[in-house]
Amino acid sequence: MDQQQYQQIEDQITPPTPYVKNVLKAFLIGGLVCTIGHAFTYFYIIFFNFTETTVGNPTAATMVFIAALLTGLGIYRKIAQVAGAGTAVPVTGFSNAVVSAAIEGKTEGFVLGVGSNMFKMAGSVILFGVASAFFVALIKLILVTMGVVEW
Amino acid sequence: MIFLDFFFAFLIGGIICVIGQLLMDVGKFTPGHTLSILVVSGSIISGLGWYQPLIDLAGAGATIPITSFGNALTQGAIAEAEKHGWVGVLTGMFEVTSSGISAAIVFGFLAALIFKPKGKAN
Amino acid sequence: MVILFKTKPSILACGSVAGPEERKSVFYSYFDAVVEDERWNQKTNEQGQAKMIQEACEIIMNKANLKNLDIDFFLSGDLVNQMTPTNFAARELASSFIGMFSACATSISSLIVASLLTELSASEYAIAGASSHHNATERQFRYPINYGGQKPATAQWTVTAAGYALIGKHNPSLPSIVAGTVGKVIDYGEVNPFHMGGAMAPAAFDTITAHLKGRNQKISDYDLIMTGDLGKIGLKILKAMFAQTGAQQNELDVFRDAGAEFYGEDEAYLAGASGAGCSAAVYYSYIEQQMKSGRYKRVLLCATGALLSPLSFQQGETIPCTAHAIEITME
């Protein structure tokens, strides 16, 4: 049996990715996570005098805290198995990536384990966030200098 | 209309997650690749000036997904570039530290103090 | 490459130990010991795994009435970097030791080497087997334990278990090893680390076919052909491969897979169990006991191993796989 024949058998038997189901679950749970976040924005605006432009920070921090707790208790992982991108894409997923790696590194000590491993998975998000911000701002600056666009 | 406000948070947040799910399922990207793509996308959309309208519309539906991290950094860099030119491009990003990152670091550290990973399936 | 063991070394005793999650295994009642704490009350998962290996060996020595010094060879491996849990357990055992790595096929490759040493009369008592630890393995090969990555239906759950067998001279009242096949490394281009069954099935097919051909046997000569940890989907693929080469349904029923059955029908474990300790703990508890009770007279155990590392995956390499088989009979 050659590789191509095998590929056929394997594809026939391997259950297909449930695209529609996965997308639906990601939409509902991801939407729900954002709605909970939105409730916090109201909470911080009404009770802590935040404005609509400044409320993003405490909201994100609160969501990160909740995700950290659920990660530590081993619950986030179970929700994520159902939600997929619905829990990976919100900032809670970033928290889960950082916190799970941090907890995992504990047996190697706080410097070599927790410290060095914390950004094992979330590090690429920071790299590409910062690098793309740099280039986008640079391009904008060039375009403004050339008079193509305005600030 | 407070209901409509929440509806848009749900809708936009959900749609961004769906894009992430499609990147993973159809594009066969790892979660790391998917989130990196989303962050860069957020940054570019921000540079085009389209991210703020999204936040105005959806609130947390646009600030909670990881795309907003790219937006926050880009807005910081652009705002400083406007004031200080070339130098601002670099320094601007450090002005806007994302609360998501610092919160994740602090809570990650605290969680490591408290929790132990347990391998249970259900 | 089929090896015939003319002196028919016997499996004198077995020891199997499993972690707390493995209470949910359908093979649970066959294990010698199940521990409440997944770290075996040690500081790290890796130390816990070493303890688990030691415990399995101690169980064997107690059963066979032997002491550390009576064991001539210890042949074993696991999945952790540089196999430290096995190496550290070997430090306590104080026997001559060869660390072996065939990923999840180590449960059988170690048995083949132990049988060879016994056949050569170089060894009177040799302990062979393998172990895996869920937490220690997952964090190394995939993601941290509490990371929320969505796993596909083809993913398998690495078990926390150790299975070891004591190999010695032929004893007609015990299961005996008559032949073994050392597998080649087969790579059909699978790249998905969450579809091990699909990656490993061709290796199992190749080794089982080679064994049957070398021994001039048919599938129906066996009461049971049990693969290691192809999982539910991998086992289906293997059966489909044999079906395509003309095997009938009654012949396909001879095939079983330790990983596919390990956690029963519980969907939380997706396609089933995996890990070097999965096949080892099932072979060296359930299979040994079933053979001793006379239910099976001739069994082919074929453990499969995916020879990938996190680095090779990140570097875009495909997943090469191997499978080793051993034929055990009961008179």
Side-chain angles (χ1 to χ4, degrees), chain A residues 17 19 22-23 26-28 30-35 37-38 40-41 56-61 63-65 68 71-74 78 84-86 88-91 93-95 98-99 102-106 110 114 118 121-122 124-126 128-130 132-134 136-141 151, chain B residues 6 9-18 20-22 24-26 31-32 34-36 38-40 43-44 46-47 59-61 63-66 68-70 73-74 76-78 81-82 85-86 89-90 92-93 99-101 103-105 107-109 111-112 114-118 120 122:
Chain A
T17 311
Y19 295 109
N22 280 358
V23 160
F27 177 71
L28 289 176
L32 187 68
V33 172
C34 293
T35 311
H38 204 63
F40 278 116
T41 64
N57 282 343
T59 304
M63 297 302 280
V64 161
F65 170 74
T71 301
L73 295 170
K78 285 167 200 167
V89 171
V91 72
F94 180 82
S95 169
V98 170
V99 175
I103 297 174
E104 195 90 350
K106 196 179 174 183
F110 277 93
V114 178
M118 204 174 225
M121 279 166 309
S124 57
V125 168
I126 298 178
F128 286 107
V130 172
S132 62
F134 173 77
V136 168
L138 195 66
I139 291 167
K140 183 136 191 189
L141 181 64
W151 287 111
Chain B
F6 273 92
F10 182 85
L11 183 73
I12 300 297
I15 287 172
I16 297 173
C17 292
V18 165
Q21 188 73 40
L22 290 174
M24 289 199 274
D25 282 355
V26 182
T34 304
L35 297 181
S36 301
L38 286 175
V39 166
V40 174
S43 197
I44 294 170
S46 175
T63 59
I64 290 293
I66 201 74
S68 83
F69 177 53
L73 287 166
T74 307
I78 288 177
E82 190 178 355
W86 301 97
V89 176
L90 262 182
M93 281 177 291
S99 67
I101 294 182
I105 294 174
F107 296 133
F109 182 70
I114 304 166
F115 295 110
K116 203 156 101 169
K118 270 201 186 303
K120 288 170 90 74
N122 51 14

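Both backbone and side-chain heavy atoms feed into the values below; hydrogens, waters and symmetry mates do not. Throughout, a chain's letter reflects where its sequence line sits, starting with A, and its residues are numbered from 1.
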Count the heavy-atom pairs under 4.5 Å between each of B/Ile66, B/Ile44, B/Ile114, B/Val26 and chain A, then report the option with the highest count.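 Max contact count across the listed options: B/Ile66.
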
Step-by-step side-chain contact (heavy atoms from CB on, under 4.5 Å) determination, A/Thr71 to B/Phe115: CA-CA 9 Å; A/Thr71 301; B/Phe115 295 110; over 6 Å; no

Non-hydrogen atoms of chain B under 4.5 Å away: do they reach the side chain of A/Ser124, the backbone, both or neither?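 A/Ser124 touches chain B through backbone and side-chain heavy atoms alike.
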
Mind checking the CG-CD1 spacing from B/Leu73 to B/Ile78? Nearest 0.5 Å is all I need.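 Nearest 0.5 Å value for the CG-CD1 distance: 11.0 Å.
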
Where on A/Val125 is there a heavy atom nearer than 4.5 Å to chain B: the side chain, the backbone, both, or neither?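 Contact with chain B involves both backbone and side-chain atoms of A/Val125.
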
Give me the one residue out of B/Ile15, B/Ile64, B/Ile16 that meets side-chain contact (heavy atoms from CB on, under 4.5 Å) with A/Cys34.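 Of the listed options, the one satisfying the test is B/Ile64.
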
If you look at every heavy atom in B/Ala81 and A/Trp151, which pair is closest and at what distance?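 Looks like CB-CH2, 3.7 Å.
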
Any idea which heavy atoms bring A/Gly31 and B/Phe10 closest together, and the distance?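 A/Gly31 and B/Phe10 have their closest heavy atoms at C-CD1, 3.2 Å.
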
What part of A/Leu28 gets closer than 4.5 Å to chain B, counting heavy atoms only: side chain, backbone, both or neither?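 Backbone plus side chain of A/Leu28, per the 4.5 Å heavy-atom cut-off to chain B.
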
Could you tell me which portion of A/Val130 (side chain, backbone, both or neither) has an atom closer than 4.5 angstrom to a non-hydrogen atom of chain B?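 The answer is both parts of A/Val130.
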
So which part of A/Leu141 gets closer than 4.5 Å to some heavy atom of chain B, the side chain, the backbone, both or neither?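 Only the side chain of A/Leu141 comes within 4.5 Å of chain B.
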
Under 4.5 Å from any heavy atom of chain A, what part of B/Leu38 do you find: side chain, backbone, both or neither?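 For B/Leu38, the side chain is the part near chain A, not the backbone.
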
Between B/Ser68 (side chain) and B/Thr63 (backbone), is there a donor-acceptor pair under 3.5 Å?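 Yes, because the side chain of B/Ser68 sits within donor-acceptor range (under 3.5 Å) of the backbone of B/Thr63.
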
Do you know which of A/Thr59, A/Val114, A/Leu138 has the most heavy-atom pairs with chain B at a distance under 4.5 angstrom?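 Top option by heavy-atom pairs under 4.5 Å: A/Leu138.
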
Contact leader toward chain B among A/Val33, A/Val91, A/Ile139, where contacts are heavy-atom pairs under 4.5 Å: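 Heavy-atom pairs under 4.5 Å are most numerous for A/Val91.
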
A/Phe27 versus B/Leu11, closest heavy-atom pair with distance: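 For A/Phe27 and B/Leu11, the tightest heavy-atom pair comes out as CE1-O, 3.7 Å.
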
Side chain / backbone / both / neither for A/Phe110 at chain B, heavy atoms under 4.5 Å: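 Side chain of A/Phe110 only, per the 4.5 Å heavy-atom cut-off to chain B.
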
How close do B/Gly20 and A/Ala85 get, heavy atom to heavy atom, and via which atoms?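 It is C-CB, 3.6 Å.
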
Using the side-chain hydrogen bond (donor to acceptor under 3.5 Å, both in side chains) rule, take B/Ser43 and B/Thr74 through it: C-alpha gap first, then chi angles, then the decisive distance, then the call. CA-CA 6 Å; B/Ser43 197; B/Thr74 307; 2.6 Å; yes

Exercise: identify the closest heavy-atom pair between B/Ala112 and A/Ala102: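 Answer, listing the atom of B/Ala112 first, then A/Ala102: CB-O, 3.8 Å.
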
Name the member of B/Cys17, B/Gly47, B/Ala9 that forms the most heavy-atom pairs with chain A at distances under 4.5 Å.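 Most heavy-atom pairs within the cutoff with chain A belong to B/Cys17.
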
Chain B interface, residue from A/Ala60, A/Gly105, A/Gly93, A/Pro90 that has the most non-hydrogen pairs under 4.5 Å: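 Top option by heavy-atom pairs under 4.5 Å: A/Pro90.
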
With a 4.5 angstrom heavy-atom cut-off, is it the side chain or the backbone of A/Met121 that approaches chain B, or both, or neither?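 Neither part.
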
Which answer fits B/Pro31, side chain, backbone, both or neither, if we ask what part of it has an atom under 4.5 Å from a heavy atom of chain A?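 For B/Pro31, there is no contact with chain A at all, as no heavy atom is under 4.5 Å.
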
Between B/Phe69 and chain A, which part of the residue has a heavy atom less than 4.5 Å away: side chain, backbone, both or neither?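 Looking at B/Phe69, just its side chain touches chain A.
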
side-chain contact (heavy atoms from CB on, under 4.5 Å) assessment of B/Leu35 paired with A/Phe94: CA-CA 9 Å; B/Leu35 297 181; A/Phe94 180 82; over 6 Å; no

Could you check which of A/Gly37, A/Gly30, A/Gly86, A/Gly72 has the highest count of heavy-atom pairs closer than 4.5 Å to chain B?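 Looking at each of A/Gly37, A/Gly30, A/Gly86, A/Gly72 in turn, A/Gly72 comes out on top.
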
Which answer fits B/Ile105, side chain, backbone, both or neither, if we ask what part of it has an atom under 4.5 Å from a heavy atom of chain A?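 For B/Ile105, heavy atoms of backbone and side chain both lie under 4.5 Å from chain A.
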
Heavy atoms only, distances under 4.5 angstrom: which of A/Glu104, A/His38, A/Met63 has the most pairs with chain B? Name it, please.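 Going by pairs under 4.5 Å, I would pick A/His38.
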
Among A/Ser95, A/Ala61, A/Ala68, A/Pro58, which residue has the highest count of heavy-atom pairs closer than 4.5 Å to chain B?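 If we count pairs closer than 4.5 Å to chain B, A/Ala61 comes out on top.
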
Minimum heavy-atom separation for B/Ala104 and A/Val98, please, with both atom names.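 Result for this residue pair: O-CG1, 3.6 Å.
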
